[in-house]
Amino acid sequence: MLVPVLSVIVPFHNVEKYIGPCLDSVCAQTLDDLEVICVDDGSGDEGAAVVESMQADDPRITLVRQDNHGVGHARNVGVRRAGGEYLAFVDGDDTVPRDAFKRLVSSLETTGSDLACGNVMRLHRNLLIPSWAHREAFAKPAQRTHITRRPLLIRDRMLWNKVYRRSFWDRLGLSFPERMYEDQPVAIAAHVGARSVDVLARVVYHWRQRDEPGSSITQRCLEPGNLRDRLLSVSQTAALLAGDAPQLKPDFDRDTLDIDMSVAVEALAGMGVSAEPDLVDLAVRYLDGVSREAWQSLPYEQRLLVHLLHRRRLDELAGFFAQVRDGRLQPRVGSAGWLRKRWYGRHPALPGHLSEVSGELSLQPRLVSLDWRDGVLHGSGRVALGRFDVGELSRVRVRSWLQERGTGEIVQLSDEESVPTWEDVELEGGDRVPEHGFPFRFAFDPDVLSRARLARHGHWDLYVRVRGHGLRLEGRVAGPRWLPPLTPAPRRRSGVWLVPGRNAKGAWGVRLRTAQALIGECRVDGGDLVFSGEMSDVGDGEPVVRLQRRSDGEEMYFPVALTGQDFLARVPLADIDESIGHESWWDVVIDQGRPIRPLVRTRQRTVATVDERRFLIDRAEDGCLLLAER
């Protein structure tokens with residue numbers, strides 16, 4: 001019997017909807033000398049029947065059935081059945097790019113490395129999004145490297161974006177713990193134990209993000225059993241690194257404090273004093289071995305909560321967790337030192353050696369109002385330093401200005417003293433929380449723009465700087481897009497439109513531009529987005545409205561009625577593709593063989609609910625029509 005080059009192990013449990021596309025992607029690989037070992041971990045749906053049907057058409061597929069023992073046990077069963085020179089693992093709800101295994105195996109055969117790994121995309125419905133955990137670690141390819149030389153690989157804790165040399169797997173004696181989160185200690189043990197590793201920048205795996213409630217381990221992360229398995233894997237991995245690669249332990253701890261301990265804090269805060277002692281013990285034993293430097297990497301609020309967990313103060317943890325969640329934790333920020341001033345968050349529950357915030361103080365400037373008065377753009381805003389009480393700063397200077405992209409030219413708007421005040425601010429969810437910040441005002445007179453500046457059609461970003469008490473911080477003025485203030489209508493000067501606006505992240509500025517089409521009316525009528533206006537050149541073609549989704553370039557088309565130079569468009573909001581992820585943003589373009597981005601002259605911004613879907617009709621940063629759904 002011929003030995004296959006690659007054994008692909010596919011454990012699955014109740015993924016009938018996804019196992020077919022998963023196996024289609026595996027069987028369509030350009031590396032066809034492979035065997036596919038599917039291990040049914042006691043599924044209660046028809047997933048095994050799907051595999052059997054595919055097995056009849058492809059003899060490379062083998063189906064193994066077992067009672068439900070968990071994915072770790074299923075993978076171990078698959079490894080024992082595997083006969084290939086190399087091993088790979090695929091979860092039954094994920095997919096693999098067509099050339100992934102060939103690239104990984106070819107790399108190993110070229111370099112002789114023990115392990116090859118590659119980049120990952122999250123798969124949400126039909127949209128691929130870069131995986132944050134892998135983006136930096138796999139930005140640049142490398143051959144014959146090692147995790148000790150590329151510490152960012154400490155984030156590469158998943159099993160399935162890799163191909164392993166089978167002799168290496170057996171030499172290390174790798175096997176999976178029979179619990180959840182079983183892949184982390186195995187993946188890190190492989191990285192540490194490998195003589196060399198190949199890193200591919202190319203995407204080799206599509207990691208599905210599922211919609212069904214309770215459909216994945218991560219969606220049940222607050223359950224006690226889930227948390228216990230997570231903490232056991234964290235402790236096992238930490239012990240491995242402490243013994244075999246201690247130089248990597250601080251990097252591991254920084255990520256673990258940020259991710260796994262955030263989950264532990266939320267879960268145990270919810271349980272309060274009734275939390276099972278063994279769960280608390282697991283978290284505390286891990287935290288006992290975390291260095292002071294790793295602690296300091298945590299944001300202040302999370303540092304406080306993890307510290308309370310470490311000290312087993314669960315009643316206080318529950319109370320302060322609620323304050324953090326609701327935005328009501330407002331520790332006082334103050335400084336110490338003369339030659340080298342350091343900043344600290346004062347809170348009675350956090351010891352001084354964990355209180356420094358010098359590295360995380362940043363401005364959060366936002367606009368409160370913005371409007372034209374007598375041809376001058378007037379604005380007011382507030383600047384906070386995160387969620388801190390800034391009373392000790394008492395008085396600072398706040399300067400605001402517009403800065404042109406590209407040239408760096410500056411138009412100063414204001415420079416004034418400011419005293420902090422408390423004000424309740426609205427969050428995007430509708431709640432209001434107290435904020436301590438410095439108010440400021442400014443005025444922008446377009447007369448300061450010379451003909452040369454107008455002719456450049458540039459983009460001017462709005463900045464603010466806070467200076468005083470040894471502190472000097474600056475940043476762009478921004479704010480949530482779904483909240484006030486309204487974007488003022490554009491104004492025209494010397495044939496150039498001055499367009500106040502903000503980008504998708506809420507950062508404000510002024511765009512100078514011309515317009516081939518103007519929208520004079522924009523409203524929601526009976527569930528339809530209706531807008532009308534005038535085109536300067538109607539051309540020869542029949543125009544259509546093109547909606548283009550920013551995240552993936554997906555396009556939708558709707559008709560335009562044209563009468564002379566006047567146009568009218570109606571877009572049924574219920575017909576637009578549903579939002580993918582938290583938010584979808586659609587640019588609205590009139591397409592007449594050439595794209596025309598119509599400038600919106602109306603001031604109103606509309607939030608509408610259609611068929612239980614929430615839409616925002618607003619301006620993009622260039623003043624054109626923007627449609628969002630969340």
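Here the structure is a predicted model, which means the values were calculated and not measured.
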So do [Y] and [X] actually touch side chain to side chain, heavy atoms under 4.5 Å?
X: Val263; Y: Leu222; result: yes
X: Arg630; Y: Arg614; result: yes
X: Met54; Y: Asp24; result: yes
X: Asp91; Y: Trp207; result: no
X: Leu627; Y: Ile576; result: yes

Measure the [atom1]-[atom2] distance between [X] and [Y] for me, rounded to the nearest 0.5 Å.
X: Leu200; Y: Leu104; atom1: CG; atom2: CG; answer: 5.5 Å
X: Arg103; Y: Leu31; atom1: CZ; atom2: CG; answer: 12.5 Å
X: Asn14; Y: Glu46; atom1: CG; atom2: CD; answer: 10.5 Å
X: Arg122; Y: Trp132; atom1: CZ; atom2: CH2; answer: 10.5 Å
X: Leu329; Y: Glu301; atom1: CG; atom2: CD; answer: 5.5 Å
X: Thr95; Y: Leu128; atom1: OG1; atom2: CG; answer: 7.0 Å

[X] side chain vs [Y] backbone, donor-acceptor pair below 3.5 Å:
X: Gln330; Y: Pro434; value: yes
X: Arg619; Y: Gly501; value: no
X: Arg491; Y: Val376; value: no
X: Asp45; Y: Glu16; value: yes
X: Ser25; Y: Val96; value: yes
X: Glu435; Y: Val425; value: no
X: Trp372; Y: Pro488; value: no
X: Lys162; Y: Met158; value: yes
X: Arg387; Y: Val324; value: yes
X: Ser418; Y: Pro439; value: yes

Report the residues that fulfil ring pair (Phe, Tyr, Trp, His ring centres under 6.0 Å) with [X], sequence neighbours left out, ordered by chain and then residue number.
X: His459; answer: none
X: Tyr463; answer: Trp401
X: Tyr205; answer: Trp160
X: Tyr300; answer: Phe388

- Leu626 and Val600: side chain to side chain contact (heavy atoms under 4.5 Å, CB included), yes or no, with the steps? CA-CA 10 Å; Leu626 186 68; Val600 183; over 6 Å; no
- Message: Checking Val199 against Cys117 for the side chain to side chain contact (heavy atoms under 4.5 Å, CB included) test, could you report, in this order, the C-alpha distance in whole Å, the side-chain angles of both residues, the deciding distance, and whether it holds?
- Response: CA-CA 5 Å; Val199 176; Cys117 49; 4.2 Å; yes
Considering only NZ, NE, NH1 and NH2 on the basic side and carboxylate oxygens on the acidic side, decide whether [X] and [Y] come within less than 4.0 Å.
X: Asp525; Y: Arg570; answer: yes
X: Asp255; Y: Arg155; answer: yes
X: Arg613; Y: Glu578; answer: no
X: Glu621; Y: Arg476; answer: no

Kindly write out the residues that satisfy side chain to side chain donor-acceptor pair (under 3.5 Å) with [X], not counting sequence neighbours, or none if the list is empty.
X: Thr421; answer: Arg382
X: Arg395; answer: Glu417
X: Asn503; answer: none
X: Arg399; answer: Gln412

- Task: Report the residues that fulfil side chain to side chain contact (heavy atoms under 4.5 Å, CB included) with Ser53, sequence neighbours left out, ordered by chain and then residue number.
- Result: none
- Query: Can you name the side chain to side chain contact (heavy atoms under 4.5 Å, CB included) partners of Ser380, sequence neighbours left out?
  - Reply: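 For Ser380, the residues satisfying side chain to side chain contact (heavy atoms under 4.5 Å, CB included) (neighbours in sequence not counted) are Val368, Ser369, Arg441.
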Work out which heavy atom in [X] is nearest to a heavy atom in [Y]; give both atom names and the distance.
X: Val560; Y: Ala569; answer: CG2-CB, 4.2 Å
X: Pro130; Y: Arg135; answer: CB-NH1, 4.1 Å
X: Gly623; Y: Val499; answer: CA-CG1, 3.3 Å

Would you tabulate the side-chain donor-acceptor contacts of residues 509-520 under 3.5 Å, counting partners in other chains and residues two or more places apart, or write 'none'?
unit_1	atom_1	unit_2	atom_2	d
Arg513	NH1	Asp622	O	3.1
Arg513	NH2	Arg597	O	3.1

- Message: Applying the side chain to side chain contact (heavy atoms under 4.5 Å, CB included) criterion to Val10, which one of Val51, Ile19, Asp94 satisfies it?
- Response: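 Answer to the side chain to side chain contact (heavy atoms under 4.5 Å, CB included) test with Val10 among Val51, Ile19, Asp94: Ile19.
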- Query: Given Phe531 and Val545, is the side chain to side chain contact (heavy atoms under 4.5 Å, CB included) satisfied, shown in steps?
  - Reply: CA-CA 11 Å; Phe531 59 92; Val545 169; 3.7 Å; yes
- Asp326 vs Asp431, side chain to side chain contact (heavy atoms under 4.5 Å, CB included): CA-CA, chis, key distance, verdict: CA-CA 8 Å; Asp326 299 337; Asp431 296 332; 5.8 Å; no
Crowding at [atom1], [X] (>12 non-hydrogen neighbours, <6.0 Å):
X: Arg467; atom1: CZ; result: no
X: Glu409; atom1: CD; result: yes
X: Arg601; atom1: CZ; result: no

Indicate every side-chain donor-acceptor pair of residues 443-450 with a distance under 3.5 Å to a residue at least two apart or in another chain.
unit_1	atom_1	unit_2	atom_2	d
Asp445	OD1	Asp447	N	3.0
Asp447	OD1	Arg493	NH1	2.8
Asp447	OD1	Arg493	NH2	3.1
Ser450	OG	Arg453	N	3.2

- Task: Indicate whether any N or O donor in one side chain lies under 3.5 Å from an N or O acceptor in the other, for His134 and Asn119.
- Result: no
